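Since this is a predicted model, take the numbers as computed values, not measurements. Below, each value reflects all heavy atoms present in this structure, side chains not excepted, and no hydrogens, waters or symmetry copies.
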Amino acid sequence: MPQVAARINERQERWLKDYFRTKSAGAEFILPWAVDTFFRAITSIKGTFTPSELKTIIEAHRDVRLLPEYTRLSSLLQRIASLCERNGHTLHGVNRATLETKLKRLDDTQATALMVWASAFWVSRTCSAENMDDYIASY
């Protein structure tokens, strides 16, 4: 099985040891579960949005470094509002009100998955404006 070196804080380490006896046992359970949960969430969420709306969400995460404390629905809504204000309320032909209505239906976990997915585009090996359609179609 491939090895992964993750960075966790002391509280997270203590939690893994408390619930799984060892940090390694906890990490071996949590990481695959988190990845599977992420892909299930993205697969179900993406059908809610049009390709243009997904492009707008990706654009809103350009040059954004996600931090756990800012992965909430409120942060996603703020990023979209900020992007729309900078770009005359539309980007990729998206209606801001419609997009915000759809986003407000998400819970924090779904919003986080969407934010991680959007941010991942900008650090992916194939990141370019031409590949955005391929990235959207691939999930």
*Taking ring-ring contact (aromatic ring centres under 6.0 Å, His included) as the test, write out the residues that go with F20, two or more places apart.*
W15, F29

_With a 6.0 Å cut-off on the ring centroids, do W117 and F38 count as close?_
no

*Honestly curious: do V35 and V123 fall in one hydrophobic cluster under the side-chain, below-4.5 Å linking rule?*
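In one cluster with V35: V123, no.
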
*Are F39 and L66 connected in the hydrophobic side-chain network, where two residues link if heavy atoms are under 4.5 Å apart?*
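Yes.
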
*Would E85 and R96 count as a side chain to side chain contact (heavy atoms under 4.5 Å, CB included) if you check the C-alpha gap in whole Å, the side-chain angles of each, and the deciding distance to 0.1 Å?*
CA-CA 10 Å; E85 288 168 13; R96 177 180 174 180; 3.6 Å; yes

Drop me the distance from [X]'s [atom1] to [Y]'s [atom2], to the nearest 0.5 angstrom.
X: L54; Y: I45; atom1: CG; atom2: CD1; result: 10.0 Å
X: Y19; Y: R14; atom1: OH; atom2: CZ; result: 12.0 Å
X: I136; Y: F121; atom1: CD1; atom2: CZ; result: 8.0 Å
X: M115; Y: L106; atom1: CE; atom2: CG; result: 11.0 Å
X: D18; Y: R11; atom1: CG; atom2: CZ; result: 12.0 Å

Taking all non-hydrogen atoms of both residues into account, name the closest pair between [X] and [Y] and its distance.
X: L99; Y: E53; answer: CD1-CB, 3.8 Å
X: A27; Y: L16; answer: N-CD2, 4.1 Å
X: K102; Y: F49; answer: CB-CE2, 3.6 Å

*Apply side chain to side chain contact (heavy atoms under 4.5 Å, CB included) to K17 and R21, showing your working.*
CA-CA 5 Å; K17 288 178 180 178; R21 231 185 281 178; over 6 Å; no

_Does any part of the side chain of E59, heavy atoms only, come nearer than 4.5 Å to the side chain of I57, both counted from C-beta?_
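I57 vs E59: side chains apart.
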
*Heavy-atom distance under 4.5 Å between the side chains of I8 and K23, does that happen here?*
yes

_W122/D63 under side chain to side chain contact (heavy atoms under 4.5 Å, CB included): CA gap, chis, key distance, verdict_ = CA-CA 7 Å; W122 298 110; D63 300 323; over 6 Å; no

Keeping [X] on the side-chain end and [Y] on the backbone end, is there a donor-acceptor pair under 3.5 Å?
X: T56; Y: S52; answer: yes
X: N9; Y: Q12; answer: yes
X: S119; Y: V116; answer: no
X: Q110; Y: D107; answer: yes

Throw together a table of side-chain donor-acceptor distances under 3.5 angstrom for residues 71-80, partners on residues two or more places apart or in other chains.
from	atom 1	to	atom 2	distance (Å)
T71	OG1	P68	O	2.8
S75	OG	Y70	O	3.2

_Working note: E100 + K104, criterion salt bridge (charged side-chain N to carboxylate O under 4.0 Å, His left out); need CA distance, chi angles, decisive distance, verdict._
CA-CA 6 Å; E100 287 179 345; K104 287 177 184 177; 5.1 Å; no

